[in-house]
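The sequence lines fix the lettering, A, B, ..., with proteins before strands; numbering per chain opens at 1. Note that these values count all heavy atoms, side chains included, but never hydrogens, waters or copies made by symmetry.
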Amino acid sequence: MNNLHTKSKMGGSLRAGCGILLFILLFILIGRLLTPYDHLSQNLAEALESPSRSHWLGTDHYGRDIFTRLIYGGQLTWIIAIFATLIAIVIGTLVGLFTAWWGGWFDLIVMRLVDVALAFPRIFIVLLVIGLGGSSIELLIWLLALFSWMETARIVRAEVSTHKNFAYVKAARASGLGTNRILFRHIFPNIAGPVIVSAILLITNIILVESSLSFLGLGVQPPFASWGTILNEGKIDPLGNWWISVPAGVCILVTVAGFNLIGDGLRDLFDPYRLN
Amino acid sequence: MLSVFLRRILSLLPTLLIGITLSFIIIHLAPGDPANRFLNPNQTPEMQSSIRERFGLDRSLPVQYGRWLKNVIFHLDFGYSFYSGKSSRAVIAVALKSTAILSFWALVFALIAGISLGILAALKQNRFIDYFCNNLMIFFLSIPGFWLGLMLIGIFSIQLSWLPGAHLQSLYHHQLGPGARFWDLAGHLILPVITLGLPLAATFFKYIRSNMIETLNSDYILAAKARGVNRSKILWKYALKNSLLPIISLLGIVIPALLSGAVIVEVLFALPGVGRTMVTAVYSRDYPVLMAAVTFGFIAVLLCNLLADICYRIVDPRIQHSPGEIS
């Protein structure tokens, strides 16, 4: 009975997360049909207007419609987060698979490097590269990815080390399959669960880091905007011009919360050993 | 035991060196020339090169790096700020104090809030309070720290003017008596500490809750119950001890994140810490201060990691003492 109860609760958080993200996705994908404005064109005559019929969420210092900027900002935030996460997951999975499979010195050196990378406050390096060299969206994606693959690599490595000794892998080896085939066709499908969970956690982290960089003025550069950039524009008077600073923050919060809920739900789903 | 620690310290050195070298290369290869700051359009290129010479920027990168490293290792001399002319080491040492105060109290706040709520939720598993805490913590885990800080400043500093929203102390701080100085500092710290600490508290909460649930369901707790050991003793003496252990190893991961978060909180609340010094130095291309900030930041993180490691080994003697061990 108890078990049944928790099962339905898990499904609940998964469903809630999916619902939230679907809503946000709909907003950023088809929201532009709802607005007659362009996200970049300025209209100083209407600067800093509070929400009204014509501007649902008011305007910023240059008279740009906040609602429209939120939609385009959301697209940029999501694109950066998804690409950075994909790159990080691919690197992390490859590193994890091969270190665990080959073992020995290769494993030792690579995992030591992972330790090194994990020990550093990432924002230091990101600050140096972007602050001194300038920012672009591609650079931002690569930097975020390069500082995020390590945790995935550790998780994959731990999983593969266990699976290496399972009968199905031994059987595959005995029947003479090549390393790549065993790793990608046999082991990977079996460890995909933890990889997906780590991808979900990674994307929440990346969204938060990207928006804080943009908030510092180091991420997405004006006139283009991610949600973090919009917050940067609203920081001068956070409550006076609440229509700039509150909706963008809520967007980030809700998106990250959605992913967190999905992550929690999936983890419970994939982890049959968890006691409940 | 001692030799293990010595070996750990030695193994940190290459890590540190890699980080510092990488930072040096990034800083010096980046576009932009610090000398331009002192020039106006009427001055000659000779002027520029003489300024570059004065800063030592005319040499090749390896020479500059060698010279810098030599001064740091043998004289602990990080050079002088290009702009203020102050010793970079002194600038960072002062900034480090603010960052340390901020991070320390944020960590304390996060530990207390995370652990106590985590235990509470675990004990009331699947009841209302558990759901409530769980959802609250997902909220705190998802909230962008800088936005939380922004909202706190807006509400408590601007709207209500209860608490100061910037700086670590009032202008008249040094004219206050010792007691008033403490309250002045505490008032300035409340909002930044909450901003930095809440997401961390949520991380601790999740760990404590799941660990505690797992421990409470384990056989030795069942055995203790069967033997008739009283409930509070089981909870405080048996279960809690084992649930708290992983927190120590979690600290190793949390501390770099704490420092990263501190950068944003310092910028937001205009606190004179390492993060803000770094951001300012990046924009003014103050290479010596930047390098000093990065170096001290790395050392701080590595030392905290080492400390967490040592604590863990002391508390949990089951850990193997093999040098190549990777968890």
(message) Between Trp147(B) and Val250(A) (side chain of the first, backbone of the second, donor and acceptor by atom type, cut-off under 3.5 Å), is there such a pair?
(response) no
Are more than 12 heavy atoms, taken from residues, nucleotides or ligands other than [X], located less than 6.0 Å from that residue's [atom1] atom?
X	atom1	answer
Tyr220(B)	OH	yes
Phe106(A)	CZ	yes
Tyr65(B)	OH	yes

Looking at [atom1] of [X] and [atom2] of [Y], how far apart are the two atoms once the value is rounded to the nearest 0.5 Å?
X	Y	atom1	atom2	answer
Met291(B)	Leu128(A)	CE	CG	8.5 Å
Asn260(A)	Asn135(B)	CG	CG	11.5 Å
Ser13(A)	Ile138(B)	OG	CD1	6.5 Å
Leu113(A)	Ile18(B)	CG	CD1	6.0 Å
Ser23(B)	Leu127(A)	OG	CG	11.0 Å
Ile252(A)	Ser142(B)	CD1	OG	11.5 Å

Atom group of [X] that falls short of 4.5 Å from chain A, counting heavy atoms:
X	value
Leu148(B)	neither
Leu12(B)	neither
Ala281(B)	neither

(request) Determine whether Ser211(A) and Phe146(B) make a side-chain contact, defined as any pair of heavy atoms from C-beta on separated by less than 4.5 Å. (result) yes
(message) Measuring only between side-chain heavy atoms, which start at C-beta, is Leu132(A) closer than 4.5 Å to Leu290(B)?
(response) yes
(request) May I have the step-by-step check of side-chain contact (heavy atoms from CB on, under 4.5 Å) for Ile153(B) and Lys235(A), ending in yes or no? (result) CA-CA 10 Å; Ile153(B) 291 177; Lys235(A) 78 177 168 194; over 6 Å; no
(request) Might you point out which heavy atoms bring Gly131(A) and Arg285(B) nearest each other, and give the distance in Å? (result) O-NH2, 3.9 Å
(request) For residues Tyr283(B) and Leu218(A), report the shortest heavy-atom separation together with the two atoms involved. (result) OH-CD2, 3.5 Å
If you tally heavy-atom pairs under 4.5 Å against chain A, which of [options] wins?
options	value
Leu259(B), Ile26(B), Leu150(B)	Leu150(B)
Leu302(B), Ile255(B), Leu141(B)	Leu141(B)
Ile27(B), Ile158(B), Val267(B)	Ile27(B)

(request) Could you look at Val114(A) and say if it's the side chain, the backbone, both or neither that has a heavy atom under 4.5 Å from chain B? (result) neither
(message) Under 4.5 Å from any heavy atom of chain B, what part of Ser212(A) do you find: side chain, backbone, both or neither?
(response) both
